[in-house]
Amino acid sequence: MPINLMTVAFGAVIVAGLTLAAIGHPGAPAPIPLKTADAPNASLAAKEAASRPPGAFAGGVLLANISVELPTTGRPYAGAGSDVMNANCTACHSAGMVLTQPLLSRATWSEEVNKMRDAYKAPVADADMAAIVDYLAAMHPGG
Amino acid sequence: MIPTRRNVLRLAMTGLAAGATSRAHADTVVQLPVPGGPSERAVTTAFPQKGAMILQRTRPPLLETPWEVFDRGVFTPNDQFYVRWHWAVIPQQVDAESYNLAVRGHVNTPLQLSLDDILAMPRVEMAAVNQCSGNSRGLFSPRVSGAQWTNGAMGNAKWTGVRLRDVLDRAGVKPGATAVRFNGLDEPVVPDGPDFTKSLDLDHARDGEVMIAFQMNGASLPLLNGFPIRLIVPGWYSTYWVKMLSDIEVLDAPDETYWMKTAYRIPDTPNANVHPGQTGFKTVPINRMNPRSFVTNLRDGAAAKPGTPLLVRGLAMGGDKGVKAVDVSTDAGASWQAAELGRDEGRYSFRQWQWTVPKPPPGDLRVMVRCTNTDGVAQPLDPAWNPGGFMRNVVEQISVKVA
């Protein structure tokens, strides 16, 4: 948790000090009652703000900052000719997309590879185009 | 093992343990009923904020909702809601405090809205099905290229957010505006690749139903479903529901960019149907969804006892309209019986249905289910076909072994 938030949290506890003193809590780590008869609204709001994870908050909805890690590697291309696949195709997408395709004709695979280069701007060398289509047309999905 | 290509691939698939730490581990596998295969997919729990999902592609992620999830209710849980991204550059950190939504273009006052600004606006809530244009593509015959989904590239959620109209009105749309284009934070891997953007006609964008959602099912959106905000276009395919929405541009000319002009096009024919191999037909951008219905409590090949009442239950959706009726047939469509409909959560929501076969006779019982929407449009008995593998909505059927 960032230090500045801890500082805010500490400040909020001080704001709530009167309440805490009245009910005899020993110090900052003690649980703070959500509602007491004496607690001024300002201190409640401050306490709530201090206990919230960082993010956007308004109208009772919190959108907390988020950090995740996405898996990056799927199964690789294998077998004869896989080098040209792993070199040219995996920058944009993992191999699962290709290895789950149905049996497609060489003409269809050729269109697909052209689309990757022409529409999606895959930087595939002319010399590799035929080898990629060869690999794809030789796949035997589903047996 | 004989080193055929198949076996080499199989070895590669089973020998995944070596190497990367962030691999989408295959906890188990599932066999999908795609005609001609390949049918095997890994079931993964490796994706953040996601439970068990069918792995169609690791990067950029294509994650299908396991079928059993749909029998648990009309709302699809966030942690098993399907995932589909086009480009692999997806922010993995989102700072909600500094997030900005730009509203610009043909407007009087360009805006930079913070999430606090959006959260402070009048709120709306709506249940709506989000379905990939290519949901069920793997079931096409003849097969077509693309993500080989079965029926799980869809989900239903209660979306909370603000009206797009209110946001546009705040900026003040100028006379002469015709369309609104939406962009998210995902980016092409290659610098000159076409950034994923989509647009709606201005009248549609301002219809009061299109939303910017910051919650689904009462919680923040998972990052992979578009945290912190995404567009909700009720009744339309998910391609328009731009995730991690960051930019709204009001246009005064038709959107001629790739994802509208070239990709996601359907034949301009009834139910987007053409003959396999047909060419030369006019195309239009994919748009409204069509009605669908599914059995969720029984799988194809399920077993039942003769004479014992058999409950059949499932989900239906009307597409761009509400569900008017769900009918079931056990005689190959010669006669249909009305199923009982569950609670109405709104015209764009899934609706649960159920029906009981009073006395299943011994043998192979084929159960067909058909949704008719409030426009009177019913699912067809014969599947439509198009080269994109879009808009599948044929009457579904399962076979139950009564013995």
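The analysis underlying the following values was restricted to heavy atoms, covering all of them including side chains, and did not include hydrogens, waters or symmetry mates. By convention in this document, chain letters (A, B, ...) are assigned in the order of the sequence lines, proteins followed by strands, and residues within each chain are numbered from 1. Since the model is a prediction, treat every value here as computed from it, not as a measurement.
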Peer 1: Taking side chain as C-beta onward, heavy atoms only, is B:Val189 less than 4.5 Å from A:Tyr120?
Peer 2: no

Peer 1: Distance only, no hydrogens: is a donor on one side chain within 3.5 Å (strictly under) of an acceptor on the other, for B:Gln148 and A:Thr100?
Peer 2: no

Peer 1: Tell me, do A:Arg75 and B:Thr58 make a side-chain contact under 4.5 Å, heavy atoms counted?
Peer 2: no

Peer 1: For A:Thr90, is it the side chain, the backbone, both, or neither that has a heavy atom closer than 4.5 Å to a heavy atom of chain B?
Peer 2: both

Peer 1: What are the two closest heavy atoms between B:Pro48 and A:Pro71, and how far apart are they?
Peer 2: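 Heavy atoms of B:Pro48 and A:Pro71 come nearest at CD-CD, 4.3 Å.
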
Peer 1: Are B:Pro38 and A:Leu99 side-chain neighbours, meaning at least one heavy-atom pair lies under 4.5 Å?
Peer 2: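 SC-SC contact between B:Pro38 and A:Leu99 ruled out.
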
Peer 1: Which one, A:Gly60, A:Ala64, A:Gly96, A:Ala58, leads in non-hydrogen pairs under 4.5 Å with chain B?
Peer 2: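 When all of A:Gly60, A:Ala64, A:Gly96, A:Ala58 are compared, A:Ala58 has the most.
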
Peer 1: Taking every non-hydrogen pair under 4.5 Å, which of B:Leu32, B:Val89, B:Asp95, B:Ile118 racks up the most with chain A?
Peer 2: B:Asp95

Peer 1: Checking A:Asp126 now: which residues fulfil salt bridge (Lys or Arg N to Asp or Glu O under 4.0 Å) with it, not counting sequence neighbours?
Peer 2: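 Expected list: A:Arg117.
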
Peer 1: Identify which part of A:Gln101 has an atom lying under 4.5 Å from any heavy atom of chain B, answering side chain, backbone, both or neither.
Peer 2: both

Peer 1: Distance from A:His93 atom NE2 to B:Trp87 atom CH2, nearest 0.5 Å?
Peer 2: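 Here the interatomic distance stands at 9.5 Å.
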
Peer 1: Can you tell if the side chain of B:Leu224 reaches within under 4.5 Å of the side chain of A:Leu70, non-hydrogen atoms only?
Peer 2: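 B:Leu224 reaches A:Leu70 side chain to side chain.
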
Peer 1: Look at B:Ala96, B:Pro35, B:Pro61 and state which one has the largest set of heavy-atom pairs under 4.5 Å with chain A.
Peer 2: B:Ala96

Peer 1: Within a strict 4.5 Å, meaning less than it, do heavy atoms of the A:Asn65 and B:Glu97 side chains meet?
Peer 2: yes

Peer 1: So which heavy atom on A:Val68 is nearest to which on B:Gln49, and how close?
Peer 2: CG1-OE1, 4.1 Å

Peer 1: Heavy-atom pairs under 4.5 Å with chain A: which of B:Ser145, B:Ala147, B:Pro188 has the most?
Peer 2: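 Counting heavy-atom pairs under 4.5 Å, the top option is B:Ser145.
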
Peer 1: Of the listed residues (B:Asp117, B:Val34, B:Leu115), which shares the most heavy-atom pairs with chain A below a 4.5 Å separation?
Peer 2: B:Leu115

Peer 1: Under 4.5 Å, counting heavy-atom pairs only, tell me which of B:Gly193, B:Pro60, B:Ser114, B:Gly146 racks up the most with chain A.
Peer 2: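 It is B:Gly146.
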
Peer 1: Which residues, numbered in order, of residues 257-265 of chain B come under 4.5 angstrom of chain A by heavy-atom distance?
Peer 2: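 Counting heavy atoms that sit under 4.5 Å from chain A, the residues of residues 257-265 of chain B involved are B:Tyr258, B:Trp259.
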
Peer 1: On a heavy-atom basis, which atom in B:Val144 and which in A:Pro102 lie closest, and how many Å separate them?
Peer 2: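 Closest pair (atom of B:Val144, atom of A:Pro102, distance): O-CG, 4.0 Å.
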
Peer 1: Specify the closest pair of heavy atoms between B:Pro194 and A:Ala119, including all atoms of both residues, with the distance to one decimal.
Peer 2: CD-O, 3.2 Å

Peer 1: Atom CZ of B:Arg143 and atom OG1 of A:Thr108: how far apart are they, to the nearest 0.5 Å?
Peer 2: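 The OG1 atom of A:Thr108 is 13.0 Å from CZ of B:Arg143, to the nearest 0.5 Å.
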
Peer 1: Donor-acceptor pair, distance only, cut-off 3.5 Å: does the side chain of A:Ser94 make one with the backbone of B:Arg57?
Peer 2: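 No, because the side chain of A:Ser94 does not come within donor-acceptor range (under 3.5 Å) of the backbone of B:Arg57.
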
Peer 1: A:Val61, A:Ile66, A:Leu103, A:Val98: which one forms the most heavy-atom pairs within less than 4.5 Å of chain B?
Peer 2: A:Ile66

Peer 1: Contact part of A:Leu104 toward chain B, heavy-atom cut-off under 4.5 Å: side chain, backbone, both or neither?
Peer 2: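 For A:Leu104, the side chain is the part near chain B, not the backbone.
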
Peer 1: Answer with side chain, backbone, both or neither: which region of B:Phe227 has an atom nearer than 4.5 Å to a non-hydrogen atom of chain A?
Peer 2: side chain

